[in-house]
Amino acid sequence: MKLAALCLVCSCGAGWACEPGLGAVPMLAKENAPAVYLTVPAPPVSEPFDIELQFCGDITTVSVSAIMPAHQHGMNYFPKIEAREDGVVGVSGMVFHMPGIWQIQVSSGTASYTHDITVQ
Amino acid sequence: MIRAVCVFLILASPLKAEVLLSQDEIAQTLLHGPWPPAIESDPSNRMSGDAGAIAVGEALFSDPILSRDMSMSCASCHDPEQGFSDGLIRSKGRTELDRNAPTLWNLRWNRWFGRGGDTDSLWAHSILPMAHPDEMDHTPDSLHAALADSDYLPRYEALFGPLGESKETLVNVAKVLASYQETLITTQTPFDGFRDALERGDMVQAATYPAAAQRGLQLFLGRGNCNFCHLGPMFSNGEFHDAGVPYFIDETRVDQGRFGGLKALLRSPFTLAGEYSDDPDKTGAWAVEQVRPLHSDFGTFRVPGLRNVAKTAPYMHNGSLADLTAVVQHYDKIDLERLHADGELILRPLHLTALETADLVSFLESLTSP
């Protein structure tokens with residue numbers, strides 16, 4: 001469980017200059033939280049894939065998860081989160097093990113963000 | 001001219017009409033192939049793909065030398081003539097075991113092994129029956145001694161060098177067994193012929209796939225929600241779900257399923273992240289390092305692939321369903337009270353007609369090689 005907790009949360013530095021990368025999409029934020037941009041491929045079903053996050057503001061900790069709202073379950077794996085020197089937060093080991101609508105959930109400090117994605 | 005076009009349409013339509021699937025259903029069908037997937041060696045097993053190791057593994061597979069009292073071999077429970085299962089409800093080792101013997105086909109593409117996912121490689125999983133006291137009951141030392149006194153020794157040493165310490169011997173024997181099991185790949189099925197014809201756009205050929213199987217496939221993709229879990233070329237997502245099958249073994253014991261499998265996995269030295277893997281890059285170790293134990297793992301079991309399913313009765317982790325009709329009827333009338341209270345909102349009674357049940361069975365049978 002210790003390993004899992006370490007994987008779930010990273011200590012990250014200040015936010016990078018906020019220029020979303022090619023293909024990045026803004027995540028849906030609650031209220032007036034600084035923007036977060038998500039780069040996500042078309043997820044392969046039941047295979048690991050990576051996403052990238054760009055934060056438009058200072059960040060201290062980041063947690064990432066995903067759920068299937070219609071089925072009331074999340075992922076069977078903890079994603080591994082890594083703050084990179086270019087300011088991008090890389091997230092590896094995401095696995096969507098069923099087709100359908102998944103919701104990626106990101107938290108940073110008190111701010112939380114979501115993005116819905118359909119897996120074929 | 002108009003008459004000519006109408007005549008052509010009338011003549012052509014019966015053939016085209018026999019492909020019953022919509023464009024969306026065809027797109028979903030294509031995702032269940034092509035078969036087989038790409039074949040790659042297992043980097044964690046240096047014997048993977050080695051012809052000499054495969055030959056030794058095949059011989060050992062049917063040799064009772066792998067049981068301490070010489071009473072059984074791997075083939076006793078995984079009989080090639082019975083779909084690499086044994087036809088029993090629950091297998092018999094030195095005593096009646098707790099689960100139905102799963103088939104060994106197509107294991108090389110698994111992420112997890114065994115019904116509870118106790119292991120993350122085929123070689124690691126091959127250790128378990130050899131060492132289990134209710135099954136072949138070998139200790140590393142007893143297996144080491146049996147091998148040293150056998151005709152296998154020269155062939156073993158040609159593969160691995162001089163016989164080393166006993167735990168290493170156990171792992172090496174498991175690795176040659178795995179190299180043989182990797183070769184157990186199912187062949188093309190009637191479903192694959194249909195699927196490949198659809199991909200080519202050959203509707204005439206596709207239309208030769210029986211209408212009952214097509215209707216069953218439509219149910220499988222649609223109202224049945226079967227391909228939420230039985231997806232891709234393997235017809236499995238490789239993960240663990242609660243299918244509403246009782247997990248009581250008897251009045252006093254329960255089968256913990258994935259919950260117990262994960263406990264075993266996380267304390268095992270034989271994982272892709274461990275020292276017995278031959279892969280310096282630890283390919284695939286992410287899964288054991290990042291797997292997330294959940295309370296809802298209790299009583300869940302790995303989704304089996306469905307290829308050659310008609311050859312592996314009885315079904316489910318406890319062998320409680322005698323045939324494919326019983327399996328379809330189980331899901332048709334699923335007891336929601338048996339599912340986890342916080343379980344997935346996928347399984348619902350289907351209220352199938354007798355014809356629909358027969359159609360689903362026809363489809364499942366078409367996943368089996370002739």
Side-chain angles (χ1 to χ4, degrees), chain A residues 1-10 40-53 62-83 89-107 116-120, chain B residues 24 27-32 37 109-112 117 120 221 225-242 258-259 261-263 265-266 273 283-297 300 302-303 305 339-348:
Chain A
M1 290 303 289
K2 184 179 180 184
L3 174 66
L6 287 172
C7 290
L8 190 63
V9 180
C10 80
V40 56
V45 63
S46 210
E47 293 293 335
F49 65 96
D50 301 346
I51 62 173
E52 291 181 345
L53 300 167
V62 175
S63 67
V64 179
S65 62
I67 63 165
M68 254 191 131
H71 299 166
Q72 296 183 356
H73 67 67
M75 292 193 295
N76 293 341
Y77 302 88
F78 290 114
K80 188 177 287 184
I81 303 170
E82 184 179 17
V89 174
V91 184
S92 62
M94 302 282 287
V95 181
F96 294 165
H97 62 274
M98 298 177 85
I101 297 173
W102 285 79
Q103 183 177 79
I104 297 174
Q105 299 176 330
V106 172
S107 294
D116 290 352
I117 189 165
T118 299
V119 180
Q120 299 288 343
Chain B
D24 182 57
Q28 290 185 68
T29 299
L30 296 184
L31 297 174
H32 289 287
W109 290 289
N110 279 22
R111 178 180 301 143
W112 304 113
D120 63 353
L221 300 171
N225 285 338
C226 311
N227 72 330
F228 274 114
C229 299
H230 293 285
L231 54 82
M234 289 275 285
F235 287 89
S236 171
N237 67 356
E239 294 291 326
F240 302 82
H241 294 273
D242 177 2
R258 179 55 164 166
F259 188 85
L262 260 185
K263 284 195 292 188
L265 174 82
L266 295 175
T283 307
W286 69 269
V288 66
E289 291 171 342
Q290 294 178 228
V291 70
R292 178 182 178 214
L294 300 162
H295 291 301
S296 56
D297 290 332
T300 65
R302 188 170 56 79
V303 176
L339 297 173
H340 290 305
D342 59 348
E344 300 168 14
L345 302 175
I346 301 168
L347 299 176
R348 287 284 180 270

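Just so we're on the same page: letters track the sequence lines, and every chain starts at 1. Treat the numbers as computed from the prediction; the structure is a model and nothing was measured.
Between the side chains of Y77(A) and E239(B), at least one donor N or O lies within less than 3.5 Å of an accepting N or O.
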Checklist entry - Could you walk me through whether L294(B) and M75(A) pass the side-chain contact (heavy atoms from CB on, under 4.5 Å) check? => result CA-CA 10 Å; L294(B) 300 162; M75(A) 292 193 295; over 6 Å; no
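Distance check, rounded to the nearest 0.5 Å: OG of S92(A) to CD of Q290(B) gives 5.5 Å. Atom-to-atom distance recorded for Q28(B):CD and Q120(A):CD is 8.5 Å, nearest 0.5 angstrom. Separating the CE atom in M98(A) from the SG atom in C229(B) is a distance of 4.0 Å, to the nearest 0.5 Å. Here the NE2-NE2 distance, from H71(A) to H241(B), works out to 10.0 Å after rounding to the nearest 0.5 Å.
Of the possible donor and acceptor atoms, none in the side chain of R292(B) sits under 3.5 Å from a partner among the backbone N and O of G74(A). Of the possible donor and acceptor atoms, one in the side chain of N237(B) sits under 3.5 Å from a partner among the backbone N and O of H97(A).
Atom CD1 of I101(A) has 12 or fewer heavy atoms from other residues, nucleotides or ligands within 6.0 Å.
For A287(B), the parts lying near chain A are the backbone and the side chain together; criterion is any non-hydrogen pair under 4.5 Å.
Scanning all heavy atoms of the two residues, the minimum distance from P48(A) to W286(B) falls at CG-CZ2, 3.4 Å.
Residues P99(A) and N227(B) are not in side-chain contact: their nearest non-hydrogen atoms beyond the backbone lie 4.5 Å or more apart.
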